[in-house]
Every structure is written in C-alpha cells, then in structure tokens.
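This report refers to the structure that appears directly beneath it.
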Amino acid sequence: MSNSSSFNEFLLLAFTDTRELQLLHFSLFLGIYLAALLGNGLIITAIACDHHLHTPMYFFLLNLSILDLGSISTTVPKSMANSLWDTRAISYSGCAAQVFLFVFLLAGAFSLLTVMAYDRYVAICRPLHYGTIMGSRACDKMAAAAWGTGFLSGLLHTANTFSIPLCQGNTVDQFFCEIPQILKLSCSDSYLRELGLLVATLFVVFGCFIFIVVSYVQIFTVVLRIPSEQGQHKAFSMCLPHLAVVSLFISTSFFAYLKPPSLSSPALDLVVSVLYSVVPPTLNPLIYSMRNKELKDALRKVLSWTFFSSGDIAIALHK
C-alpha cells in the first residue's frame with residue numbers, strides 16, 4: 001500500500017476518455033468560465049467606478065463577486081487544461097492549494113451571504129438606525145470577518161486533510177481535489193479527525209442558515225405590513241436576488257455533502273459537484289442584476305464607456 005509521502009501527484013476524474021468529448025468539455029467549461037469572468041468582472045467594475053453604488057449592500061456584493069471569481073478560477077481552469085492536454089494529473093502541492101483555496105473562498109462566500117442577510121434585515125426592519133449600525137467601519141469589519149472565517153476554514157481543513165496517511169492510491173473520483181473524495185483514499189480510522197471537523201463545520205453552516213431564515217422571516221413580516229404596493233415592490237427587489245443566491249448556494253452545497261450514500265455514484269457526484277462549484281459563481285451576477293435598476297444603470301455606463309473607449313482607440317490606430 002502506498003502512503004501519501006510516496007507519490008507527488010493525484011489523478012483527477014476525467015469527464016470522458018473520448019477525444020472529441022474532451023474538447024467539447026473544454027469548450028463548454030471555457031464558455032462558462034468566460035461568462036463568470038465577464039459577469040463578475042462587470043459587477044466589480046461597476047460598483048468600484050460608480051459612486052452611487054458605494055453603499056453597504058453593493059460593498060458586500062463586490063466582495064461576493066471577488067470570492068465567486070476566485071472560487072471558479074480555482075477549479076475550472078485546471079479541469080479545462082486536463083481535457084485539452086488529455087491528462088488527469090495534478091501535483092500534490094497543487095491539490096493542497098486547490099483544497100485550501102476552494103474551502104477558503106466557499107466558506108468566505110457563505111459567511112458573506114450571512115452578513116448580507118443581516119444588512120437587508122437592518123435596512124428594512126431598523127431603517128432609522130441603518131446609517132449607525134452599517135457604518136463604513138462596521139462594514140469593513142464584517143467583510144474582514146467573512147474573509148477571515150474563510151481563511152481559517154481553508155487552513156484547518158487543508159492541514160487536517162493532508163496530515164492523514166493515504167493508503168488507497170492517488171486517484172481522486174472528482175474533477176477537482178474535493179475533501180470527501182480525498183478522505184476515501186485514507187487509511188482505516190485515520191480520517192476521523194477531519195470527519196469531525198467537517199461535522200463541526202456543518203453545524204456552523206447550519207447555524208448561519210438558521211440566522212438567514214430568521215432574518216428573512218422578520219423581513220417579510222415587516223414588508224407585508226408596508227401599506228404602499230410600491231414600497232413592498234422596492235423591498236422585495238432588494239431582498240429577492242440575495243434570497244435566490246442563498247437558495248442556489250445552499251441547495252446545491254447541501255445536496256452535494258448531505259445526500260444519502262445510496263444515491264452516490266461517480267456520475268452523479270460529478271454532476272452535483274459542477275452544480276455547486278461552477279453554477280453559482282456564473283449565475284450570481286445575472287441574478288443580482290436582473291431586478292436591480294441601479295446596478296443595471298451602472299453596468300450600462302461601464303459597457304458604454306468600454307465601447308466608446310474601444311472606438312476611440314480604433315480610430316486613433318486607423319489614423
């Protein structure tokens with residue numbers, strides 16, 4: 001039996017062994033990745049450049065877009081490269097880095113979604129105190145706490161996972177280095193420490209989930225009491241995109257990690273992992289911009305500025 005110290009790379013699960021399908025997988029993932037880069041990049045640029053969007057809600061959205069960009073960049077490019085070059089290998093250090101960054105960014109994103117739920121709660125349930133409670137220093141501390149939570153989670157899970165002896169080879173049944181799949185390679189009983197940490201993490205995640213649910217129960221209670229239909233519509237427009245993103249994030253993640261073992265199969269695990277690691281970072285910009293007039297206007301300004309700048313450059317070059 002080989003130990004983790006006797007090999008210097010892992011073998012990831014390939015989507016297919018057929019060359020034409022490998023190139024199709026590369027093309028699909030390239031399209032998804034470019035869409036995620038464009039969507040999140042536009043939101044980051046719009047919020048950073050438009051002073052009308054320098055508010056707590058958009059400050060947290062900017063941070064979420066950065067985390068989403070990092071998250072999808074951690075897994076998808078490597079999978080694309082493997083399909084393009086017809087290989088399955090990822091170095092031992094590369095796998096450890098992928099685990100750390102993925103957990104760091106995923107935990108940071110969920111922590112930030114929890115903070116964003118609190119921001120919506122204060123804005124709607126305690127509007128007279130919003131400026132005091134959600135001041136710039138408070139927002140900076142909340143964002144730092146979300147990033148710090150993600151960093152600590154990534155550090156603990158990576159250190160625990162890669163301190164475990166691996167006796168079942170080096171083939172990971174996933175398109176990226178995922179902790180549950182790496183634990184399947186461990187020696188008997190040696191994975192219990194990391195399993196305990198995963199359970200503790202699930203309790204924290206469940207606590208955040210309860211906090212979000214309670215916040216929205218109170219938010220909708222207040223919103224339904226607003227006498228004007230226009231006021232209700234504005235409040236729902238503020239909350240529904242965040243609620244949709246939270247629902248997408250939680251449903252895909254919970255199904256990936258809490259589905260019954262009887263449902264587990266390599267094909268299903270692969271599909272579910274794509275749903276929770278690739279789909280949310282790609283759809284989040286679309287969800288947030290769909291019902292948000294301020295963000296749409298800022299995005300139009302960014303796009304018009306980009307097109308005009310490109311036209312001026314083309315004219316200058318032509319001259």
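- You'll find the side chain of F60 reaches within 4.5 Å of the side chain of M142, heavy atoms only.
- In terms of modelled atom types and a separation under 3.5 Å, the side chain of N63 and the main chain of F59 share a donor-acceptor contact.
- Aromatic ring orientation, F162 versus Y92: perpendicular (interplanar angle above 60°, classes split at 30° and 60°).
- The environment of H54 atom NE2 is dense: over 12 non-hydrogen atoms of other residues, nucleotides or ligands sit within 6.0 angstrom.
- Panel note: side chain S71, backbone L67; no donor-acceptor pair is recorded below 3.5 Å.
- In this structure, the side chain of S83 does not engage the main chain of M80 through any donor-acceptor pair within 3.5 Å.
- A donor-acceptor pair under 3.5 Å is formed between the side chain of N160 and the backbone N or O of L156.
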(message) Test side chain to side chain contact (heavy atoms under 4.5 Å, CB included) on F104 and H157; report intermediate values, then the result.
(response) CA-CA 9 Å; F104 165 31; H157 282 291; over 6 Å; no
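- Rounding to the nearest 0.5 angstrom, the gap separating the NE2 atom in H25 from the CG atom in L30 is 10.5 Å.
- Side-chain contact between T114 and I212 is present, with heavy atoms from C-beta onward closer than 4.5 Å.
- Surrounding CZ of R19 are more than 12 heavy atoms belonging to other residues, nucleotides or ligands, all under 6.0 Å away.
- Ring planes of Y216 and H242: parallel class, angle under 30° (limits at 30 and 60°).
- Listed for the H129 side chain is no donor-acceptor partner under 3.5 Å among the backbone atoms of A123.
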(message) Show, in sequence, the C-alpha distance, side-chain angles and deciding distance for L84 and L23, and conclude whether the side chain to side chain contact (heavy atoms under 4.5 Å, CB included) test is met.
(response) CA-CA 6 Å; L84 185 62; L23 295 176; 4.2 Å; yes
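- None of N170, I164, V99 except one satisfies the side-chain contact (heavy atoms from CB on, under 4.5 Å) rule with I182; the exception is V99.
- Rounding to the nearest 0.5 angstrom, the gap separating the CD1 atom in I44 from the CG atom in L37 is 9.5 Å.
- For an aromatic pair to be called close, the ring centres must be under 6.0 Å apart, and F100 with F151 satisfies this.
- Across F175 and L12, no two heavy atoms sit closer than the pair O-CD1, 3.5 Å.
- Residues F211 and V213 share a single hydrophobic cluster, defined by chaining ILVMFWY side chains whose heavy atoms lie under 4.5 Å apart.
- Each of L106 and V204 belongs to its own hydrophobic cluster when Ile, Leu, Val, Met, Phe, Trp and Tyr are linked at side-chain heavy-atom distances under 4.5 angstrom.
- Both F110 and V214 sit in one connected hydrophobic cluster of ILVMFWY residues. Membership requires side-chain heavy atoms under 4.5 Å apart, directly or through other members.
- Residue P241 comes nearest to S237 through the heavy atom pair CD-O, 3.1 Å, listed as atom of the first residue, atom of the second, then distance.
- Residues L243 and F206 are members of one and the same hydrophobic cluster, defined by side-chain heavy-atom contacts under 4.5 angstrom among Ile, Leu, Val, Met, Phe, Trp and Tyr.
- Remark: F209 CZ is loosely packed, at most 12 non-hydrogen atoms of other residues, nucleotides or ligands lying under 6.0 Å away.
- Heavy atoms only, all atoms of each residue included: T55 and H52 are closest at CG2-O, 4.0 Å.
- There is a path of hydrophobic side-chain contacts, each under 4.5 Å, that joins L240 to V115.
- In this structure, Q232 and L224 approach most closely via the heavy-atom pair NE2-O, 3.5 Å.
- Q174 has its side chain within reach of L270: a pair of non-hydrogen atoms, C-beta onward, lies under 4.5 Å apart.
- The shortest distance between side-chain heavy atoms of Q218 and Y121 falls below 4.5 Å.
- Atom CG in L38 sits 11.5 Å away from atom OG1 in T282 (nearest 0.5 Å).
- The closest donor-acceptor contact from the side chain of T161 to the backbone of T158 lies at 3.5 Å or more, if one exists at all.
- In this structure, the side chain of S79 does not engage the main chain of V76 through any donor-acceptor pair within 3.5 Å.
- Residues I287 and L248 are in side-chain contact: their nearest non-hydrogen atoms beyond the backbone lie under 4.5 Å apart.
- A donor-acceptor contact shorter than 3.5 Å is absent between the side chain of R88 and the backbone of L13.
- Here F10 contributes atom CZ and N8 contributes atom CG; the two are 10.0 Å apart, rounded to the nearest 0.5 Å.
- There is no side-chain donor-acceptor pair under 3.5 Å between Y276 and S251.
- With rounding to the nearest 0.5 Å, the separation of CG in L11 from OG1 in T171 is 4.5 Å.
- Taking the six-membered ring for Trp, F29 and Y33 have ring centres at least 6.0 Å apart.
- The minimum heavy-atom distance linking A36 with I72 is given by the pair CB-CD1, 3.7 Å.
- Using modelled atom types, one side-chain atom of N40 and one backbone atom of P281 make a donor-acceptor pair closer than 3.5 Å.
- In this structure a side-chain-to-backbone donor-acceptor pair under 3.5 Å is present from Q98 to C177.
- Residues I43 and S65 share a closest heavy-atom pair of CG2-OG, 3.4 Å.
- Atom OH in Y288 sits 6.0 Å away from atom CG in L64 (nearest 0.5 Å).
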